[in-house]
Every structure is written in C-alpha cells, then in structure tokens.
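Excluded from the calculations below are hydrogen atoms, water molecules and symmetry mates; all remaining heavy atoms, backbone and side chain alike, are included. The model shown is predicted, which means the values in this text are computed figures rather than measured ones. To find a chain, count down the sequence lines: A is the first, B the second, and so on, and within it residues start at 1.
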Number of protein chains: 2
Amino acid sequence: MVQPVSLSSKISRLNTYLEEKGLKRTLQREIITKIFLSSDTHIGLDNILIKARRKNPKIGSTTVYRTMKLLVDCGLATPRQFGDGRTQYENLPEDDHHDHIICLKCSRIEEFHNQQIEDLQLKMADSLGFKVLTHKLEIYGYCSACR
Amino acid sequence: MVQPVSLSSKISRLNTYLEEKGLKRTLQREIITKIFLSSDTHIGLDNILIKARRKNPKIGSTTVYRTMKLLVDCGLATPRQFGDGRTQYENLPEDDHHDHIICLKCSRIEEFHNQQIEDLQLKMADSLGFKVLTHKLEIYGYCSACR
DNA sequence: GTTTATGCAAACAATTTGCACGCGG
DNA sequence: CCGCGTGCAAATTGTTTGCATAAAC
C-alpha cells in the first residue's frame, strides 16, 4: 500500500470535482486514477493503458486520454513533454514539491527544495502578471563523485 | 539589422559544419538559417515556413524540418517543447541565459532573468556537492490576459 | 559525373473527435 | 429514462521517410 491517507484524500478530491461538474464516477475512472496515483513519479499513457488493461482488458486508449485530462483539470496531474514526442503525467505529492539536480556524467538525480527560490519565482511571475500553477526547475552539472 | 557580427559568425559556424560533413550549401538552407537567426527568441516550424515562402514560395516543409535539425546538430538551435504539441526552436545569444514563463491557456511564452534565483541555485547545488553547468527553469500558469 | 538536397506524396505516431451503444444517477 | 461515459473507427496534427528530380561540388 502506498500512503493510504494522501491517496484517499486525492481520490476524494477527484470525486468532489466530478460531483461539482455533474460528471459520473465510473469503474474506468477509478482504475486509471489509482494507477496514476500510485505511479512513482512520471507515467506515460501507453503504460497506464497496459496496467489498466490488466484490471479490465476492455479499457480503450481514448478513455485513458480523457481521464488523464480530467485529472489535470482537477489538479492531480501535470502533463510534461520531455522531447520524445509523448506526453508523460507527473504525480506530485502536494505538500512535497521538489526540484531536480542531475549529474551529466553518472545520471544521478537528487532532489531538493528551496523555499527562497520558490518565493522568488512567485514574485517574478507576479511582476509579469502571471498566476503560477506549477513550475519546473532542473539543474545540470557534475556531482561530488564525478566532478 | 540585428547584431551583424554575431550573426555572420553563426552563419560561418554552420558553413564550417557543412564542410566538415561533406554537406552542401544551398539557397534554402541559407534562407531558413537567416530567418531562424534573426527571429527574436523562439520560432516554430510553421512560422519559419511562412517566412521562408515569402522569399521562395517553392520551399517545402520537409526542408524546414531537415534544416532545423541541422542547426540543432551544429549547436545553433535548441529544440523545446512547451506543451502545446509543437516543437519550437530557440535561438540563444550564447552568453545571455534566460528562463521561461508559459501561459497554459494561450501558450504565450515570456522570458525573464533573475540573478537572485540564479545565485540561490548555485548555492543550493554547492551545498549538495554539485558543480553546475546549466539549468532549466520553467514556470507555468496563466498570463494577465487569461487568468 | 557523382553525391547530396529538395519537394511532393505517402507513411507514421500521438492525440482528438464522431457516433452508436452502455451504464450511472 | 436522461445524460454522461465508453470504445471503436475515422479524422487530425505534427513529423518522418521514400523516391524521382534538381542542384551543388
């Protein structure tokens, strides 16, 4: 089991959203949402489809696309493109935002969080008239072992 | 005129590359390269094609795709995906780093530079034992017109 | 002349849409 | 029942590839 508390709170966020909009709770939406929420960091549509079909072989890719769009709309998922043409969805633990620092030699990825940087970003965005929803910060370099 | 010095130095970088690889200098490549290099910051393939056809209506989209790939290979262009499905190419004056803020509704992209953020990143990386080579910061949200 | 480049059309891949049917409320 | 959801197939969109011809060297 993966973090039952935050998981169920997220599922209830989806359900609230569905109710507000007069949408329906279906088995497919539940399956797809659970797969996404228990994915580690990023997951692609192809992968979601494969896992979903293990639970219900009749699920179609259209439904996965549409459900993921729903999850984006209610703030549970963030779509990302890493340059290979496919969209990946990121599942971010809402209270644990982090950025990445990546070693270009050994590919080690470490995570960090710096509130000062976050605050400055908000200030920056605000001065440009933007309302921030999310952001991505990646630092590339050499780690202590490789430098 | 836009920075004639750096522009011609970049064009000669392309020509050197072509020579090394035994490739040919053609009118199309010159037109497309100049359009790209004098574009402000980012430019998409559709836009390049339109401008190129104003100079030579027979230019095909295939050639634009292939030429932009060339420019990437010789280090003059950086491909970027901002989430609307199309690839944009960034023309960066090699010493002028900037970050991006992207509107998720209208796809408008603005640039900014904030030295405080850059400094904090260095400090952050240093405390993790990393030597920074480069980084990428993208903020996503709604712009003043869309919020 | 030989080799690479071009432009068209066809192929591809990821995603979206139209529609008849099924299911949730 | 009524309306939204689903899954299929067809349509769209961005990009790549095959091929005959044209241009560079």
Applying a strict under-4.5 Å side-chain criterion to I, L, V, M, F, W and Y, I'd like to know whether A/Val132 and B/Ile109 cluster together. no
5′-ward residue of the pair A/Tyr65/B/Arg66 relative to DNA chain C: B/Arg66
Under 6.0 Å between ring centres: does that hold for B/His100 and B/Phe82? yes
So if I take residues 51-64 of chain A and measure heavy-atom distances to DNA chain C, which residues fall below 4.0 Å? A/Thr62
Among residues 24-32 of chain B, which ones have heavy-atom contacts with DNA chain C below 4.0 Å? B/Lys24, B/Thr26, B/Gln28, B/Arg29
List the residues meeting side-chain hydrogen bond (donor to acceptor under 3.5 Å, both in side chains) with A/Lys21, not counting sequence neighbours, and say none if there are none. none
Compute the bend angle of the helix from C/dG1-D/dC25 to C/dG25-D/dC1 from the end axes (five pairs per end), rounded to 10°. 30°
Rounded off to whole Å, could you give me the [atom1]-to-[atom2] distance for the [X] and [N] pair?
X       : N      : atom1 : atom2 : value
A/Ile48 : C/dA14 : CD1   : P     : 14 Å
B/Tyr17 : C/dA5  : OH    : C1'   : 15 Å
B/Leu18 : C/dT3  : CG    : C1'   : 15 Å
A/Gln88 : C/dT15 : CD    : C1'   : 15 Å
B/Leu45 : C/dG7  : CG    : P     : 15 Å

Which residues pass the salt bridge (charged side-chain N to carboxylate O under 4.0 Å, His left out) test with [X], sequence neighbours left out?
X        : value
B/Arg80  : B/Glu90, B/Glu138
B/Glu19  : none
B/Asp126 : none

Under 3.5 Å donor-acceptor pairs involving side-chain atoms of residues 66-75 of chain B, not counting sequence neighbours:
residue: B/Thr67; atom: OG1; partner: B/Thr63; partner atom: O; Å: 2.8

Is the shortest heavy-atom distance from the side chain of A/Phe112 to the side chain of A/Ile139 under 4.5 Å? yes
Extract, from 5' to 3' on DNA chain D, the first and final nucleotides lying under 4.0 angstrom from some heavy atom of chain A. D/dG3 to D/dA9
If the condition is side-chain contact (heavy atoms from CB on, under 4.5 Å), which residues does A/Thr134 pass it with, not counting sequence neighbours? A/Thr78, B/Tyr140
Do B/His42 and B/Gln88 have side-chain N/O donor and acceptor atoms under 3.5 Å apart? no
Just to confirm, is there a sub-4.0 Å distance from OP1 or OP2 of C/dT16 to any side-chain nitrogen or oxygen of A/Lys69? yes
Working for side-chain contact (heavy atoms from CB on, under 4.5 Å), residues A/Phe130 and B/Ile102: CA-CA 9 Å; A/Phe130 272 72; B/Ile102 297 119; 6.0 Å; no
Check residues 114-123 of chain B and write down every donor-acceptor pair under 3.5 Å in which the side-chain atom is one partner and the other belongs to a residue at least two apart or another chain.
residue: B/Asn114; atom: OD1; partner: B/Gln116; partner atom: N; Å: 2.9
residue: B/Asn114; atom: OD1; partner: B/Ile117; partner atom: N; Å: 3.1
residue: B/Gln115; atom: OE1; partner: B/His113; partner atom: NE2; Å: 3.0
residue: B/Gln115; atom: NE2; partner: B/Asp119; partner atom: OD1; Å: 3.0
residue: B/Glu118; atom: OE2; partner: B/His135; partner atom: NE2; Å: 3.3
residue: B/Gln121; atom: OE1; partner: B/His135; partner atom: ND1; Å: 3.2

Could you give the side-chain donor-acceptor pairs of residues 48-60 of chain A under 3.5 Å, partners two or more places apart or in another chain?
residue: A/Arg53; atom: NE; partner: A/Ile59; partner atom: O; Å: 2.7
residue: A/Arg53; atom: NH2; partner: A/Ile59; partner atom: O; Å: 3.0
residue: A/Asn56; atom: OD1; partner: A/Lys58; partner atom: N; Å: 3.0

